[in-house]
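So the structure is just underneath, and the comments pick up after that.
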Amino acid sequence: MNKPPNESDTSAEDATERRHFIQQIVEKDLAEGTYDGRVHTRFPPEPNGYLHIGHAKSICLNFGIAAQYNGLCNLRFDDTNPTKEEDEYVEAIKEDVRWLGFDWGDRLCYASDYFDQLYDWAVQLIKAGKAYICDLSAEETREYRGTLTEPGKNSPFRDRPAEESLDLFARMKAGEFPDGTRTLRAKIDMAASNITMRDPVMYRILHASHHRTGDAWCIYPMYDFTHGQSDSIERITHSICTLEFENHRPLYDWYIRELGIYAPHQYEFARLNLTFTMMSKRRLLKLVEDGHVSGWDDPRLPTLCGLRRRGYTPAAIRNFCETIGVAKFNSTIHMSVLEGALRDDLNEIAPRVSGVLRPLRVVIENYPEGQVEQLTAQNHPQKPEMGTRQVPFSRVIYIEQADFREEAPKKFFRLVPGREVRLRYAYFVKCTGFVKNDAGEVIEVRCTYDPETRGGSAPDGRKVKGTIHWLSAEHSLRAEVRLYDHLFCKADPDDCDEGKDWISNLNPNSLEVLTESRVEPSLADAEPGALYQFERQGYFNVDPVDSKPGALVFNRAVALRDQWAKIEKGK
RNA sequence: UGGCCCCUAGUGUAAUGGUAGCACGAAUGACUCUGAAUCAUUUAGUCGGGGUUCAAAUCCCUGGGGGCCAGCCA
C-alpha cells in the first residue's frame, strides 16, 4: 500500500541487491557464458535419516538458485552406503521436499544408478596407474595415513602392477574377499598436507544388500569417488555443499580431471545452526530410538516432519531460509527468528478462534438462566474477506485462569474484583466476587454484565482497559492442548557440566499436555493439520495424527508475542 | 601442532578500493474489541596492530579468536 509508484523498478532493484556469494558466482558464470547459460543444481541427501531444518536451507538454496536463474535442480539420493540407508527414508525425503514446495520434475536421481559407470571409471584409473588395490587392514590404513602434523607412509601395495590390481578389483567385485580385506585406493600423495589427498579409498568391500541394487554389488564406492562424478553425469553446473566438504574439493577436482570428464564446480556454504536444538542426524536418531521424543515427527524436533506436525508452514520455512542468508561464516541463528517467520505467515493466513487453555468458571449473575445468544465474531479482524462466525454466549462461561487476579499487580488490566473488562465480541462484565476451594485456589468468579454493551462497545462511550476471551461453558468443546517449549534447556546443547553429555541438557518441560482445555464449537469439525490463531494465545495446529472428531488435539505451533509476560518477568 | 576456511551493531547479513546499509531483536511512543498485528522513533558495528593508497570492511603483513580435516561415513 505504501509502494512507490514504479513498482517494477523497485522489485528489480531488490532482486539485484543483496545477492549472496553463490548468487554472485552464478551471475558471473551466466555473464561469462561459462556453462552455455545453463544453471543446474542438485540437492543430494543421503537416505539415512529424516530431513531437518538445516536441509531446508540447502533445499531452498539449490532449488531457489535454479528457479531464480531459470535453471534446473535435481533431487539425488547419495546412496553409496547400504548399511545405513533405507527406502523408508527416501520416501520421507521426497515427501518433505515436495511439501516444502519444490519440484524436481523427472530428475529423480540415485548415485546407485551410476554404479556401473563408476566401476568402469575405477578400472580406467587403475589402468592409468592412478589407482591400486591395497591389502592393508582398516587399522593399518589409519596408521599409514599419518597425522595432522606428520606425513603418511606409502602402502606396500602402492606400486603393485596395474594388471594385478585389475584382477584383484574384478575378484573383489565377484565377491571373493570378505569385508574389510582390501580397498581400491587412488594413488595421489601420502605426504599431502590435506589428509583427504593421502591415497583416499575409492571402493570398499561391503557384503550388504542395497535398498535399490539389492545384492548386485558387494563393493561400494566412497562418497568422494561418487559425488563429483554424479554431478558430472548430471551436467551439474554449481555443486553446492556445506563447509565441511571444503577439504574435499581438491579431491573432487582430482577425480574429474584424471577421468577427463565434464567438470562442475563445488562451492561451500555454512550449514544452519539453531539455538536450543540440534541438527546432528546421529543424535536425532538417538533421541528417537531412546524414546526421548515420540518419533521423527515429534513436534519438538527440528525435522521437517516434526515442524510440519507442530504447525509450521512451507512458506514460513522458506521465508526463514531467505532471511538467514547464505555465507561462509559459521553462525548460530536464534530460535526466535524461526518462530518469528512462522508468526509472520500465520498472522496472515490463520483464522482466529477462541480457545481457553486453563479454564476458570465465571458466572454472570444478572444474565438470565437458560438464555443463549449468538454473537458475531470476525475470523480475521484485519481481513474482513475472511468472514465472520457466530459464537454462543450464556450465563456460565470459561475464561483463562491467567486473566483473573484477586489483586491487580501494576499494569495488569484484566479481570479483578470491582473492575470492568470486555469479553471479546460480547459484553462488558464487572467482577463482583470469587469463590475459593479448600486449597485456596480460585475456582469460580462472579460477575455482572451490562446489557447495553452487547457487541463490545458502550453507548455511553466509556472504555475498558482490557479485553479477554471466553467460551460459553455448555457450548464449548473439551480439547487436549499440547504446549511445546525448547527441546534443550541450553542455547547450546553441548554446553554441559563436567562428566555429562548433551542428553543431560534435554528440557524436562519441553512438552506440557493440557487435557481440560476448551475450544469454541465451530472447531468441532476442524480438519487435521488445520491452523488457527487462538486469540491472545498463539497459533495452533490440529494434530494430524492424534486429533479425532470428538477428541480434538491441538499443538501450539508458537505462542503470540506477549508484552505482559515480559513485564511480569522483568519484575 | 600441519593444511584449508572464516571474523561487519545483541543476532544474522550487505557494501568486492570511494557516503558502513538492511532485517530481526531491544527500547520508547502512537493506535487497538487480540497486552497480537500495524505505524513511528531510537539503539548499536568493521577482532587488534602495522603497511600499500588521495582513499581500506575490502588489498598486503602480523597477532588474536573460531570452524573443518587423521571413517573402509556422507
Side-chain angles (χ1 to χ4, degrees), chain A residues 2 17-21 24 44-46 48 78-81 83-85 134 136-139 141-143 145-152 179-185 192-198 200-206 219-220 222-224 226-227 241-250 268 270 275 281-282 323-334 336-337 340-341 343-344 347-348 352 354 377-378 380-382 411-414 422-426 428 453 455-457 463-469 533-538 559-567:
Chain A
N2 51 1
E17 281 174 3
R18 295 185 61 83
R19 289 161 305 151
H20 55 68
F21 77 102
Q24 292 178 22
E46 181 190 12
N48 69 342
D78 224 328
D79 54 351
T80 57
N81 185 351
T83 65
K84 292 186 177 169
E85 295 149 7
C134 179
L136 255 27
S137 69
E139 195 181 332
T141 304
R142 175 160 33 85
E143 286 162 4
R145 188 153 34 227
T147 68
L148 293 177
T149 51
E150 309 154 40
D179 289 3
T181 51
R182 276 178 241 265
T183 56
L184 176 67
R185 295 228 259 162
S193 55
N194 180 350
I195 294 176
T196 306
M197 301 299 275
R198 317 238 263 230
V201 172
M202 294 163 59
Y203 268 89
R204 75 287 213 189
I205 302 173
L206 241 34
I219 57 172
Y220 291 92
M222 299 287 289
Y223 165 84
D224 287 305
T226 306
H227 202 88
C241 62
T242 45
L243 252 27
E244 67 269 28
F245 292 101
E246 226 160 3
N247 292 331
H248 295 240
R249 185 164 12 107
E268 309 86 10
T275 55
K281 272 197 203 177
R282 211 193 86 247
T323 54
I324 58 175
V326 177
K328 300 195 73 158
F329 178 63
N330 259 300
S331 61
T332 300
I333 312 284
H334 284 294
S336 58
V337 178
R343 285 193 196 99
D344 283 348
N347 179 45
E348 293 295 315
R352 269 101 243 238
S354 285
Q378 291 177 273
H380 190 131
Q382 279 80 41
K411 290 187 179 169
F412 182 85
F413 40 82
R414 277 113 93 146
R422 172 168 37 235
L423 296 177
R424 175 140 241 230
Y425 298 124
F428 285 11
T453 57
S457 51
K463 302 286 183 194
V464 288
K465 197 87 169 102
T467 298
I468 64 175
H469 58 102
Q533 183 194 94
F534 287 8
E535 284 196 331
R536 304 209 309 128
Q537 292 289 353
L560 248 31
R561 296 213 319 177
D562 189 347
Q563 204 56 227
W564 168 242
K566 226 174 275 179
I567 292 169

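Every chain is numbered from 1 and lettered A, B, ... according to where its sequence line falls, protein lines coming before strand lines. Nothing here was measured: the structure is a model prediction, and the numbers come from that model.
- Closest contact between the side chain of A:A327 and the listed nucleotides B:A14, B:U34, B:G35 involves B:A14.
- If you check every strand for non-hydrogen atoms under 4.0 Å, A:K411 touches a base.
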A correct 5'-to-3' footprint of nucleotides 65-74 of chain B, with B, S and - meaning base, sugar-phosphate only and no protein heavy atom under 4.0 Å, is --SBBBSBSB
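- Side-chain N or O atoms of A:T183 include none that pairs as donor or acceptor with a backbone N or O of A:V201 at under 3.5 Å.
- RNA chain B is contacted by both A:R536 and A:A270; A:A270 maps to the nucleotide lying nearer its 5′ end (nearest heavy atom per residue).
- With respect to A:K328 and A:E246, a salt bridge is recorded, a charged nitrogen being found less than 4.0 Å from a carboxylate O.
- Where pairing requires Watson-Crick or G-U contacts shorter than 3.5 Å, the helical stems of RNA chain B with at least three consecutive pairs are B:2-7 with B:64-69, B:10-13 with B:21-24, B:25-30 with B:38-43, B:47-51 with B:59-63.
- Within 90° of 0 lies the glycosidic angle of B:G71, which makes this nucleotide syn.
- Here, B:A56 and B:G17 have their P atoms 14 Å apart, quoted to the whole Å.
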When every nucleotide of nucleotides 19-24 of chain B is labelled 5' to 3' by its protein contacts under 4.0 Å (heavy atoms), B for base, S for sugar-phosphate only, - for none, what sequence of letters results?
--BB--
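- For A:K463 and B:U32, the shortest distance from a side-chain N or O to OP1 or OP2 is not below 4.0 Å.
- At the phosphate of B:G35, neither OP1 nor OP2 sits under 4.0 Å from any side-chain N or O atom of A:T467.
- Comparing B:U41 with B:U19, their C1' atoms are spaced 23 Å from each other, to the whole Å.
- Spacing between B:A37 and B:U1 at atom P, rounded to whole Å, works out to 49 Å.
- Of all nucleotides listed (B:U11, B:U34, B:A14), B:A14 comes nearest to the side chain of A:Q24.
- Rounded to whole Å, the distance from CZ on A:F21 to C1' on B:U8 is 17 Å.
- Taking atom C1' on both B:C5 and B:C39, the two are 43 Å apart, rounded to the nearest angstrom.
- Taking the P atoms as reference points, B:A30 lies 13 Å from B:A36, given to the whole Å.
- For B:G29, the OP1/OP2 oxygens have no side-chain nitrogen or oxygen of A:Q563 closer than 4.0 Å.
- Checked against the 6.0 Å centroid threshold, A:W564 and A:F412 count as a close aromatic pair.
- Judged purely by atom type and a 3.5 angstrom limit, A:R343 uses its side chain to pair as donor or acceptor with the backbone of A:A559.
- Rounded to a whole angstrom, the distance from the C1' atom of B:U13 to that of B:U53 is 29 Å.
- Taking the P atom of each, B:A23 and B:U32 are spaced 26 Å apart, rounded to whole Å.
- Rounded to the nearest Å, the gap between the C1' atom of B:C22 and that of B:G45 is 13 Å.
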